[in-house]
Amino acid sequence: MKKAISITSLNYSYPDGTKALDDVNIEVEQGEKIVIMGPNGAGKTTLFLHLNGIIRSDDGNVKIFGSSIGDMKVEDRIKEVGVVFAEPDDQLFMSTVYDDVAFGPLNMGLSEEEVGRRVKKALATVGLEGFEERVPHHMSFGQKKKAALAAVLSMEPRVLILDEPTANLDPKSKADLIRVINDLNRNEGVTTVIAMHDVNALADLADRVYVLNRTIVAEGTPRDIFSDPVLVKENNLDAPDLFKFFKIMRCFGADCSQTPMSIDESVTVMTKMIESLEGELYLTVDENTHSLVNEIIASYRH
Amino acid sequence: MKKAISITSLNYSYPDGTKALDDVNIEVEQGEKIVIMGPNGAGKTTLFLHLNGIIRSDDGNVKIFGSSIGDMKVEDRIKEVGVVFAEPDDQLFMSTVYDDVAFGPLNMGLSEEEVGRRVKKALATVGLEGFEERVPHHMSFGQKKKAALAAVLSMEPRVLILDEPTANLDPKSKADLIRVINDLNRNEGVTTVIAMHDVNALADLADRVYVLNRTIVAEGTPRDIFSDPVLVKENNLDAPDLFKFFKIMRCFGADCSQTPMSIDESVTVMTKMIESLEGELYLTVDENTHSLVNEIIASYRH
Amino acid sequence: MKYPEIDKYAELDSVIHRFDPRAKIITFTLLIFSFVFIENLGVAFLTLLFSFFILLLSKIPLGFMFDRMKPGLIFVFPFLVIMPFAVEGNVLFSIYGLNITYEGVYYGILVFVRAATSIMFALTMLGTTKMDVTMKSLYSLKVPAPLVQTLMFSYRYVFVFIDEFISMWTAMTSKGFKLKANKHSLSVVGNIVGMLLVRSCERAERVHHSMSSKGYTGESRTIVKFKMQMTDYCLVAFLVGIALIFKMYEMSLL
Amino acid sequence: MHIPDSFIPMGQAIVYWVIALPFVFMSLKWARKELDDMKIPILAALAAGIFAIQALNIPIGMGTSGHMVGAVLVSIIFGSPFAGVLVLTLVLLVQGFVFGDGGITTMGANIFNMGVVSGFVGYYLFAALKSKVDIKAAAFVGAWIGLLVSALVCSVEMAIAGTFPLVAGLATMGLYHLIIGIIGEGLITAIVITAIEKSRPDLLDSSVTKAKGVRA
């Protein structure tokens with residue numbers, strides 16, 4: 001099967017000559033959930049602008065489902081890849097939510113009924129039913145974030161790119177958005193590529209992680225990435241608190257085979273571990289425990 | 001001793017009549033670290049604008065170290081309270097970092113040498129030595145956040161207010177900023193009031209938490225607040241992952257007296273718990289464990 | 001600074017609100033053009049009364065409307081004071097050697113009344129239609145699409161920029177800045193304006209990215225659905241008729 | 001300088017429309033050629049930005065204040081007076097038709113004064129000076145004189161309309177704008193150009209940056 005995204009040796013320099021992307025290689029299977037992490041200013045936004053052909057690379061090194069994105073017609077391109085940028089005010093440029101969400105479908109040349117159906121569906125997906133006539137400027141930040149997502153969903157893209165979807169949101173709005181993204185991935189098979197800094201929320205959104213710092217520094221499951229403290233520190237990252245805590249648990253004698261990253265995972269890991277020990281887990285403190293613990297904490301500390 | 005901040009029955013309505021703050025009462029001791037939490041649009045920014053007298057309340061219900069902020073002269077006011085807003089681009093408008101950081105001291109009418117000394121010190125505090133001649137506009141987001149903080153620190157305020165200081169930052173920059181804020185609090189006795197959504201980073205920055213949702217909904221230590229799932233859910237909040245995990249640990253038989261919120265705390269709690277049990281902690285799974293665990297998880301889930 | 005939100009009461013229901021937006025724009029503009037050039041003071045007063053009558057019909061709260069009219073009228077007011085002295089003609093009386101002329105007083109009041117009439121009409125027109133509907137009617141009136149779209153975006157981003165501006169200003173005042181006529185203030189204002197323009201351009205760049213990623217290629221497509229009803233035609237006929245009557249009445253007075 | 005409705009008789013108002021429209025038309029053509037599909041967002045953003053900037057009242061001293069017009073500034077940034085005409089036209093359209101601040105029948109005259117006269121006079125003065133003096137000084141003189149000339153033209157129009165006597169108008173409008181023009185328009189424009197040059201030199205037309213030997 002064709003890869004959803006395949007980027008091969010992509011280079012890009014800003015007009016002033018600064019290198020923004022240096023030999024970037026990324027491969028994403030259909031239906032995967034990818035998170036891209038990296039320090040502020042690592043080139044994430046530039047990479048995303050390549051992914052939907054806004055910045056065009058002439059050598060066909062960005063392929064979506066096998067076709068070079070630079071060679072696609074606009075109408076086809078927006079059916080394949082939708083990008084939700086970080087700042088919602090930049091993406092809601094029309095005077096009503098309806099017009100904003102209808103903007104993409106109208107450019108695709110769809111019929112008025114089809115546009116109406118898609119706007120309705122997209123707004124329902126993000127939980128903004130009844131917001132059609134609202135003026136974006138008067139909405140809360142969380143609502144704007146959802147509307148900006150709806151304005152991309154209405155094009156029904158097969159690949160969804162999101163830049164910092166949860167930044168600045170209160171925990172409830174954040175949980176809402178994560179749920180919407182995961183539902184799209186699970187129920188509609190949408191491939192998702194997300195840039196985010198919040199390592200504690202990452203586990204829910206990533207099958208696999210790429211660490212980008214001008215070039216791809218590392219790739220692997222979240223577990224692979226976070227298990228390497230040197231990699232984590234060198235790229236200004238951090239590991240989730242629970243992940244670090246389970247590494248610490250080992251020093252107390254908890255021999256878990258896996259290190260969980262989310263609450264749900266940690267319950268599973270605990271249960272498995274206790275059950276494999278015939279129902280009883282002993283945690284102890286010995287003379288080495290604290291030096292081992294401090295070592296782990298120090299290895300991740302910036 | 002006089003309270004650093006004392007707000008009594010503060011009300012505020014927007015010009016269009018919408019109530020933004022409704023009978024808000026807050027008391028902060030000198031040297032305390034306060035975090036204000038609440039959903040998007042709960043009135044945090046409006047409250048902060050009252051705290052440094054930009055919005056003036058006529059009845060003297062906002063007092064800083066005993067004096068009504070509305071009655072103070074501007075020069076005195078900015079010596080008492082400094083506000084760092086969320087968006088660094090709104091706060092850096094001069095063509096060099098030096099000019100931006102010198103802006104406040106110049107308005108205070110200080111001598112040139114004193115201004116120079118303060119700029120140097122403020123930049124050193126945030127770790128931007130040597131950035132004097134840089135153009136703020138060209139800096140990374142993390143650097144801008146630090147420069148915006150320096151531009152307030154140069155006024156050497158006794159109370160420091162920060163709106164979302166860690167939002168959108170990569171984990172390293174976030175850790176840097178948290179360290180700077182805590183050093184200021186510890187070494188210079190600066191009282192800090194911080195609005196933030198990131199519950200996982202909260203423990204480091206809060207002695208006490210106020211939950212604001214137009215009015216003060218709750219007040220207490222982070223532990224008090226997060227222990228109340230109803231309160232947490234009703235105000236669109238969440239509890240830190242480690243906190244939730246230790247609540248779950250109880251279902252496995254870990255009888256910890258305290259529920260930690262940060263990695264460091266969790267190590268202390270674990271050690272104490274094991275030591276109080278004469279060096280051995282038994283964790284088990286019984287028929288009730290899972291229903292209890294699920295109950296806890298569900299109680300916090302949005 | 002307060003938001004100049006003129007369509008705050010566009011959701012009310014009245015004859016004027018229900019008036020087809022395209023017909024409304026054309027008719028009201030026509031009325032403004034014909035009333036603004038009336039030369040007879042008596043007729044001008046009648047048109048002012050008429051515009052007030054239309055305003056009453058629209059059910060828009062008068063307080064809101066007068067508040068919105070204030071800036072425009074304050075701008076015109078000085079001329080009401082100056083013209084009696086400035087325009088030459090029959091001297092009514094003199095103060096400290098300055099002559100107040102009949103023509104000056106007449107013309108000053110005339111200009112003021114006409115300005116008030118046109119402002120009231122314009123505000124009633126804009127206040128009874130939601131801004132996006134006004135813009136869409138411009139499309140369907142065949143105003144060039146790029147122009148309408150630019151206007152629409154300007155409208156959308158004026159608020160964003162005013163917000164940005166207020167945020168920057170707030171940050172400055174919270175650092176003790178006071179706007180004075182001195183070198184420091186001037187250089188700060190220059191930098192603020194520069195920053196605002198740079199940010200406008202950068203915002204435009206990002207808006208353009210998000211438009212392109214939604215398939216925008218420079219063509220604008222919008223759904224516009226309006227249908228003229230019988231009542232709309234009647235209203236057009238009524239308003240245009242009134243304008244004609246005023247015009248003819250004025251001519252009969254000459 | 002913004003002429004409200006009812007200050008100019010119908011015949012004259014139409015004359016100004018007839019003079020202004022070709023300039024607006026030419027500026028649209030300029031935009032189509034120079035700005036490709038970025039034109040709508042960039043012009044809209046600039047119009048909104050200038051609108052916000054015009055709302056800022058700058059104290060001049062002695063209790064009076066003024067605000068920027070901005071036509072020369074925009075013209076210098078884009079390297080063409082048509083940019084000033086177009087952005088000012090948009091600002092006036094927004095003021096008149098979106099916020100209802102009047103000036104619908106007199107819009108032709110206002111476009112002519114504030115966009116065409118100040119844009120062209122200011123820009124070409126700037127262009128002529130920039131090789132002789134430094135950019136800041138050229139921008140200062142261009143913006144200041146551009147504003148002053150358009151104020152004088154405005155008072156002539158008012159005199160023709162019979163709204164305001166010629167000599168008194170020229171004297172008061174001229175003197176007022178001579179003074180507020182130095183600060184509100186001239187100095188600010190110069191500082192703004194320098195500020196943009198520092199933060200985003202690539203936004204400035206290449207002729208501005210080249211003149212100083214700076215490359216974006």
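Here is the naming used below: chain letters follow the sequence lines, and residue numbers restart at 1 for every chain.
The 12-atom threshold is not exceeded at NZ of B:K272, counting heavy atoms of other residues, nucleotides or ligands nearer than 6.0 Å. Other residues, nucleotides and ligands contribute over 12 non-hydrogen atoms within 6.0 Å of the CD atom of A:E129.
Within the 4.5 Å cutoff, the side chain of B:K172 has no heavy atoms near those of the A:P39 side chain. For the pair A:Y282 and B:L281, the minimum side-chain heavy-atom distance is 4.5 Å or more.
Options A:K233, A:M37, A:H290 differ in how many heavy-atom pairs under 4.5 Å they form with chain B, and the most are formed by A:H290. No other option in A:A42, A:S266, A:C251, A:S140 has as many heavy-atom pairs under 4.5 Å with chain B as A:S266. By number of non-hydrogen pairs under 4.5 angstrom with chain B, the leading residue of A:R179, A:K174, A:M273 is A:R179.
B:M270 and A:L283 get closest at one heavy-atom pair: CE-CD1, 3.6 Å.
Interatomic distance, A:I274 CD1 to B:T289 OG1, rounded to the nearest 0.5 Å: 7.5 Å. The structure places CD1 of A:I297 at 6.5 Å from CD1 of B:I263, a figure rounded to the nearest 0.5 Å. A distance of 7.0 Å separates CG in A:N200 from CG in B:D198, rounded to the nearest 0.5 Å. Atom OG1 of A:T18 sits about 10.0 Å away from atom NE2 of B:H138, to the nearest 0.5 Å.
The salt bridge (charged side-chain N to carboxylate O under 4.0 Å, His left out) check on A:D90 picks up C:R203, C:R206, with sequence neighbours excluded. A:F141 pairs by the side chain to side chain contact (heavy atoms under 4.5 Å, CB included) definition with A:P88, A:K145, A:N168, A:L169, not counting sequence neighbours.
Applying the salt bridge (Lys or Arg N to Asp or Glu O under 4.0 Å) test to pairs two or more places apart or on separate chains, those with a residue in residues 247-266 of chain B are A:R301-B:D264, B:R223-B:E265.
B:F252 touches chain A through its side chain: at least one heavy atom from C-beta onward sits under 4.5 Å away, while N, CA, C and O do not. For a residue to count as touching a neighbouring chain, one of its non-hydrogen atoms must lie under 4.5 Å from one of that chain's; by this rule A:V293 touches chain B with the side chain only. Only the side chain of A:M249 comes within less than 4.5 Å of a heavy atom in chain B; its backbone stays farther off. Contact annotation for A:E280: both backbone and side-chain heavy atoms come within less than 4.5 Å of a heavy atom of chain B.
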For side-chain hydrogen bond (donor to acceptor under 3.5 Å, both in side chains), just list the numbers for A:S173 and B:H302, CA-CA rounded to whole Å, side-chain angles, deciding distance to a tenth of an Å, and then say yes or no. CA-CA 9 Å; A:S173 311; B:H302 282 293; over 6 Å; no
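Near-neighbour residues of residues 236-243 of chain B relative to chain A, defined by a heavy atom under 4.5 Å from a heavy atom of that chain, comprise B:N236, B:L237, B:D238, B:D241, B:L242.
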